[in-house]
Amino acid sequence: MEVVASAPGKVLVAGGYLVLERPNAGLVLSTSARFYAIVRPLRDELSHDSWAWAWTDVKVTSPQLSREATYKLSLNKSTLQLTSAGESANPFVEQAVQFSVGAAKVTVTDKEGKEALDKLLLQGLHITILGCNDFYSYRQQIEARGLPLTPEVLLSLPPFCSITFNSEVANGTMTGERCKPEVAKTGLGSSAAMTTSVVAALLHYLGAVNLSCLGQSSSDNTAARDLDLLHSIAQSAHCIAQGKIGSGFDVSAAVYGSQRYTRFSPEILSSAQVTGGHSMPDVVADIVTRSWDHEKAKFSLPPLMSLLLGEPGTGGSSTPSMVGTVKRWQKFDPQKSKDTWNKLGIANSMLEKQLRNLSKLAEDHWEPYESVLRSCSCLACSKWTEVATDQHQELIVRSLLAARDAFLEIRLHMREMGIAAGVPIEPESQTQLLDATMNMEGVLLAGVPGAGGFDAVFSVILGDASDAVAKAWSSTGVLPLLVREDPHGVSLEAGDPRTREVSTAVSSIQIN
């Protein structure tokens, strides 16, 4: 028996910082970048050692990092003890395992299910974790080999490429030395996607949820209940692993897909923060019975619009550090911060309104909608009004321009907040790049996702203009990434993604 589940990364296009506090919402897009977790039994037969009825074995392998960690899992408390020498702990994986096993013990209540669960646990758990290349930065390695910063070079890398640590390429050359790992990432929420994929695979494997029902209509809402359980367990594991209760939009996107998200009340996880002396099933029992008050509404880009991300190569940013600085500014200048947040909230709502309006116009008036977006994709925004020849087309162009105006307002107030707080939310180098991008033909929006900083930029592009924008970015030293929006959340996969047939016969470049 083998279970493979996947969960997507995310891009927060609006709601940065505001989404940390209720009732502010964020617009988050899930992406084509996915983490995969493969769960199978560690042994074919049950162990009959005396200790086996109190403990079982767990092995976690990360092929891309050339790592393997082994644990003992307490069958009573559902807690892990690392047993492999020389391996550093991965708190996200560990918490995902502990919370998932605890949830299975709480939710699987029938006799047959309990017997099956006990057997699966006594056979041990072998968990393999794989992340799409899109989650990791290969820019330094590409530059070190003198290759162009193009999507074609990224596409030529083997799937689930071995990950090179930052410390190995600090001087721009490949030293081959293994140092303390520091993995360069692209800011797609790898820890949330990884945690969610592990929780999903384990809950399905242990019989706590049935992910095969996803996407199917169910009169008793079984699939919805299973997703809600998966969400509560993944949120809990992720928050405890990172040592703080964040907004949770990244985990919610990993579970449910693209959405408009309002965070849950942090008090829901109060019991999970104090686990000493309590068994994990007791902690989980409290969590799943609480009323999770997060809000999510389906949201995705309108038709004929695509998401493009780029890596400027200007250095990374620490999101927790930036968030902490902004929170200190809020306390220092509550009136100014409240005023800025109110303006941001209005602009965020207007952007959402216009994007939803465009989706409705596409549904009701497809032919004029398609005509406008195809035409505007070849023009700078200053000429978009010229393509409207009837009432419907005028409404579509008006909504496109209103969405741009709302996003420019968002960028303005985010810059103001950054200056006031002393945080580079939209640094000058990013501002120049984003302004130039928004002036390109077919570009609707261009901004810094989430908390901002130097990590990445994104653009929302009309029609078929993505290639032209990608080429323009490449020429200015920005590496266009392959990732796109995919509105789907967690998924049960047919098998190991490494066994899939490669569709394009492109020679692979080994960069590890």
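For the residue pair Ser399 / Asn357, a side-chain donor-acceptor distance below 3.5 Å is found, with atom types taken as modelled. Checked by atom type, the side-chain pair Trp292/Ser265 shows no donor-acceptor distance below 3.5 Å. For Thr195 and Gln95, the side-chain atoms include no donor-acceptor pair closer than 3.5 Å.
Here the side chain of Arg34 pairs a donor or acceptor atom with the backbone of Gly489 at under 3.5 angstrom. Remark: side-chain polar atoms of Tyr261 are not paired, donor with acceptor, to backbone N or O of Ala25 under 3.5 angstrom. Put simply, the side chain of Asn221 never gets that close to the backbone of Ala224: no donor and acceptor are under 3.5 Å apart. The main-chain N or O of Val97 is never found under 3.5 Å from a side-chain atom of Ser100 such that the two would form a donor-acceptor pair.
The pair Glu21-Arg263 does not count as a salt bridge, with every side-chain nitrogen at least 4.0 angstrom from each carboxylate oxygen. Between Lys471 and Asp467 no salt bridge is recorded (no basic side-chain N to carboxylate O distance below 4.0 Å).
Here the closest heavy-atom approach between residue Met438 and residue Ala446 is recorded as CG-CB, 3.5 Å.
For residues 390-416, the set of pairs meeting the ring pair (Phe, Tyr, Trp, His ring centres under 6.0 Å) definition, not counting sequence neighbours, comprises His365-His392, Phe407-Phe458.
Taking the six-membered ring for Trp, Tyr369 and Trp366 have ring centres closer than 6.0 Å.
With sequence neighbours excluded, no residue forms a side-chain hydrogen bond (donor to acceptor under 3.5 Å, both in side chains) with Asn24.
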